> 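Just passing along the structure, written as structure tokens.
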Amino acid sequence: MSTFYVTTPIYYVNDIPHIGHAYTTIMADVITRFRRAEGYETFFLTGTDEHGQKIEKSAAAQGITPKILADRVVERFKNLWQILDIRYDRFIRTTDADHVAGVQHLFRRVLDKGDIYPGEYRGHYCVSCEGYVPETAEKSQSGNKICPDCGKETELLTERCYFFRLSAYEEPLLRFYAEHPDFVQPASRMNEVISFVKMGLKDLSITRSTVKWGVPVPDDPEQTIYVWFDALSNYITALGYPETTADFSRFWPADLHVMAKDILRFHAVYWPAFLMAADLELPRGELIHGWWLKDERKMSKSRGNVLDPHILLKHFPADAIRYFLMREAPIGADANFSHQGFITRINTELTNDWANLISRTGGMIKRYFNNRFPGKAAYSPTEDELREDYLELENEVRAFFDSYAFNRGLERIMEYISRLNRYIVEAEPWKMAADESLQPRLEAVLKTLVRAILSTNTLLAPVIPRSADRIRAFFNHDSRTFGWKDPGESFDVRDVEPLFPRVDPEAFFAEETQSEHAEPSPKETTMSEKPQTPEGIATIDEFKKIRMVVARVLAAEKVEKTDKLLRLTVDTGSDTRTLVAGIAQYYTPEELVERKIIIVANLAPAVIRGIESKGMILAASDKDGRPYIPIIPEETPVGSIMR
RNA sequence: GGCGGUGUAGCUCAGCCGGUAGAGCAGUCGGCUCAUAUCCGAUAAGUCGGGGGUUCAAGUCCCUCCACCGCUACCA
């Protein structure tokens, strides 16, 4: 039997499960169920990433061990997966003993081969946060990077660590991509990966001595294995690596890693390189989906617009959420989530079209035949047509699902469901029921409907498994494979009950606005918010060191070959000076000239794009970094000091 | 700045290798009654972002411009 191995990323336990996690996991679950219905033997893996400094610190802040913290969050993930009918074969945790052993084995193997070597890591270290800041962090005027978490200056630090020889895999990776152009889907993401690798790869630091909560490096217990080497390995350790007997040999290489776009590079560059270094086979495919946006913006904790699946689950069955997520967004693109859109989609397609079709069919079988078909049906060509149409539908839908175009596949299914509703109207079974001689025709119509419903149900089942089971139960037919379903000529059915109760939008919104105000639960915020930093207080003397004055813009122009920079010439009252500001995306030179602004006058000068900037313009900055330059009353004298 | 993508009816989007525009939702009108007031039919005059080109013929190919998005660089 062919096998199919699907994974989700392992989710970091510093975060509680939200709609984004649910989306990835549901997608992987749908793919797994779909392959199973096709006859594959499947393995579906999900789990949690539990190591690292953030966990260590969150746990310390709560006065518990990292493992206990992880245990708690893991429960939340498992609960949600259960509610959402996610059926995984293994839930792996990076703290699982077999994973730890597997990672160490992989590490040693690559070390022995020479692609891991000891060296020194230089990075910008934030003393108060006890961590390195990313290379992308912004720099202060004095040239040190600023910690994005606490806003303090970092210092350049050097520590001993191990490197992975990623640079050696540039060519092999490019060759691999060329030979497997479908490795990453959608194709646009594959292009991103290729262009990234073509720009050159640097060796990767893969251990830390500053992180205690992690997998120890074999024979060097001061070092722990850093995030990606540890986390990505889960895809093989979950199958028993380094043991190559049972699951590993059967399911590796993975058929599909499913993930969101933000971790593409780690999966499409680092992971294949690690595997090459260990002489292991590479995964066959990676499926990259976009983000769910709320109000056109990325959901984020700091913005407070994260969508909690539990709110939807109060009003809708899990199937509805699964259906919506698969139906609404084309794979790859970001999609906007709106409650209104959600309710409309579910009410129209699942309630009005699909559930109502089943309801009216079941209702007529009960009313006209008392739930038992006598087996005297007289068919017409129309019934054959419906069967033919279904077979065509099935082919198309399977093709769509094969290419992960779930939205298109479901759309196509809805088309067929419409066709069935139309069939009822055209056949007018209620008129047949009034005429005794048309009983065989009536039976044929209703029986054909049952067959079509059961058949369509197998296509929908991967997406909405729970209602699919109920439908099988209504019609006493249990087949799970694809194909035209036929329970026979003479059979009993049960009473049909409502599948997707209609949700009244007004009632929904009335309740939601209430609960949203009551929502923010204290426990969740302590876990995600960073601890208070009392050291962040400035004394009055420190404040006085900063000299802010009102200045007038004399001239402004865009700095050549930059997107964001404006060069401003300003009158400070005591001198005329030049400064550079990164506001060109939001302010035109014209609207700034003659305007009064506040600048920091005694800031150490910095050279930006070859221009010496003496000072800095003050502007409010929102969550997206968009600047807002305050309005200064026109009568304010130039040179006035802010205090 | 470099690379890539998107821009089609009020909204969300289909339109493969070129042949004179489609679906769903919303709206309007009408029909049925089996059904969770559900279903069915009719109804859309949208410069297919702007401009130019190739062609007998272009949302569909080429060039260019604009807007937005992604990756990346530079940078606040």
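Computed from a predicted model, the values in this text were never measured in an experiment.
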> Ignoring hydrogens and angles, tell me if any N or O in the side chain of Ser167(A) forms a donor-acceptor pair with the backbone of Lys202(A) under 3.5 Å.
no

> Is it the case that the ring center of Phe324(A) lies less than 6.0 angstrom away from the ring center of Trp292(A)?
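Centroid separation for Trp292(A) and Phe324(A): below 6.0 Å.
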
> Considering only atom C1', compute the distance from C62(B) to A42(B) and round it to an integer number of Å.
42 Å

> Heavy atoms under 4.0 Å, any strand shown: does Ser195(A) hit a base, just sugar-phosphate, or nothing?
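Contact class for Ser195(A): none.
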
> Could you measure between the two P atoms, the one in G59(B) and the one in C3(B), and give it in whole Å?
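Taking atom P in both G59(B) and C3(B), they lie 28 Å apart.
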
> Would you say Arg189(A) places a side-chain N or O within less than 4.0 Å of OP1 or OP2 belonging to C71(B)?
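False: Arg189(A) side-chain N/O out of range (4.0 Å or more) of C71(B) OP1/OP2.
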
> Please report, rounded to the nearest Å, how far the C1' atom of C3(B) is from the CE atom of Met190(A).
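From Met190(A) CE to C3(B) C1': 14 Å.
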
> Please report the C-alpha distance between Ser188(A) and Glu192(A) in whole Å, then the side-chain angles of each, then the deciding distance to 0.1 Å, and finally whether the side chain to side chain donor-acceptor pair (under 3.5 Å) criterion is met.
CA-CA 6 Å; Ser188(A) 55; Glu192(A) 277 179 26; 5.7 Å; no

> Heavy atoms only, 4.0 Å cut-off, all strands: where does Ala581(A) land among base, sugar-phosphate and nothing?
nothing

> Roughly how many Å apart are G24(B) and A9(B), using the C1' atom of each and rounding to a whole number?
12 Å

> Please name the nucleotide paired to G46(B) by Watson-Crick or G-U wobble geometry with both distances under 3.5 Å, or report none.
none

> For a quick check of understanding: with a heavy-atom distance under 4.0 Å over all strands, which category does Leu264(A) fall into, base, sugar-phosphate or nothing?
nothing

> Distance check, P atoms only: U38(B) and U6(B), in whole angstrom units.
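Here U38(B) and U6(B) have their P atoms 38 Å from each other.
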
> Distance check, P atoms only: C61(B) and G19(B), in whole angstrom units.
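Between the two P atoms, the distance is 11 Å.
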
> Expressed as a whole number of angstroms, how long is the span from Leu350(A):CG to C39(B):P?
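Those two atoms, CG and P, are 13 Å apart.
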
> Centres of the Phe183(A) and Phe176(A) rings: under 6.0 Å?
yes

> If you look at every strand shown and take non-hydrogen atoms under 4.0 Å, does Met414(A) touch a base, only sugar-phosphate, or nothing?
nothing

> Should Arg408(A) be listed as having a side-chain N or O under 4.0 Å from OP1 or OP2 of G15(B)?
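Yes, such a contact exists.
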
> Taking U60(B) as the reference, what is the distance to G2(B) when you measure between their C1' atoms (whole Å, please)?
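Pairwise C1' distance, G2(B) against U60(B), rounds to 28 Å.
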
> Within the 4.0 Å heavy-atom criterion, would you say Pro498(A) contacts the bases, only the backbone, or no part of the nucleic acid?
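Touches a base.
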
> Could you tell me the Watson-Crick or G-U partner of A23(B), where both distances fall under 3.5 Å? Say none if there is no partner.
U12(B)

> Using atom C1' in both nucleotides, what's the gap between A23(B) and A44(B) to the nearest angstrom?
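Each nucleotide's C1' atom is 12 Å from the other's.
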
> Round to the nearest Å and state the distance from Ile365(A) atom CD1 to A35(B) atom P.
13 Å

> Nearest whole angstrom, please: distance from the P of U36(B) to the CD1 of Ile417(A).
18 Å

> Where do Arg345(A) and Glu328(A) land on the salt bridge (charged side-chain N to carboxylate O under 4.0 Å, His left out) test, with the steps shown first?
CA-CA 8 Å; Arg345(A) 186 120 255 165; Glu328(A) 187 78 2; 2.6 Å; yes

> Expressed in whole Å, how much space separates the P atoms belonging to G18(B) and U55(B)?
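It comes out at 16 Å once rounded to the nearest Å.
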
> What does C3(B) pair with, Watson-Crick or G-U, if both distances are under 3.5 Å?
G70(B)

> Send over the distance from Tyr423(A) OH to C39(B) P, rounded to a whole Å.
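Rounding to the nearest Å, OH of Tyr423(A) and P of C39(B) are 19 Å apart.
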
> Indicate yes or no for a side-chain donor-acceptor contact from Asn421(A) to the backbone of Asp353(A) under 3.5 Å, with no hydrogens or angles considered.
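At least one qualifying donor-acceptor pair exists.
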
> Check whether any side-chain nitrogen or oxygen of Arg502(A) sits under 4.0 Å from OP1 or OP2 of A37(B), and answer yes or no.
no

> Which part of the nucleic acid, if any, lies within reach of Asn352(A) when heavy atoms closer than 4.0 Å are counted: base, sugar-phosphate only, or nothing?
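If one applies the 4.0 Å heavy-atom cut-off, Asn352(A) turns out to touch the sugar-phosphate alone, with no base involved.
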
> Using Watson-Crick or G-U wobble geometry with both distances below 3.5 Å, tell me the partner of C75(B), or none.
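Checking every strand shown, C75(B) finds no partner, since no pair has both distances under 3.5 Å.
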
> Can you tell me if the side-chain N/O atoms of Asn191(A) get under 4.0 Å from OP1 or OP2 in C3(B)?
no

> Does Phe500(A) reach a base, just sugar-phosphate, or nothing at all? Heavy atoms under 4.0 Å.
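The residue Phe500(A) makes base contact.
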
> Can you see if the side chain of Arg367(A) gets near the phosphate of A35(B) - specifically, an N or O under 4.0 Å from OP1 or OP2?
yes

> Please report, rounded to the nearest Å, how far the P atom of G24(B) is from the CZ atom of Arg412(A).
13 Å

> Counting N and O atoms only, with roles assigned by atom type, does the side chain of Asp571(A) sit under 3.5 Å from a partner on the main chain of Arg552(A), one being a donor and the other an acceptor?
no

> How long is the line joining CE of Met364(A) and C1' of A35(B), in whole Å?
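Roughly 7 Å, once rounded to whole Å.
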
> Please report, rounded to the nearest Å, how far the P atom of A26(B) is from the CZ atom of Arg345(A).
11 Å

> Over all strands shown, is Asp353(A) touching base, sugar-phosphate only, or nothing at heavy-atom distances under 4.0 angstrom?
sugar-phosphate

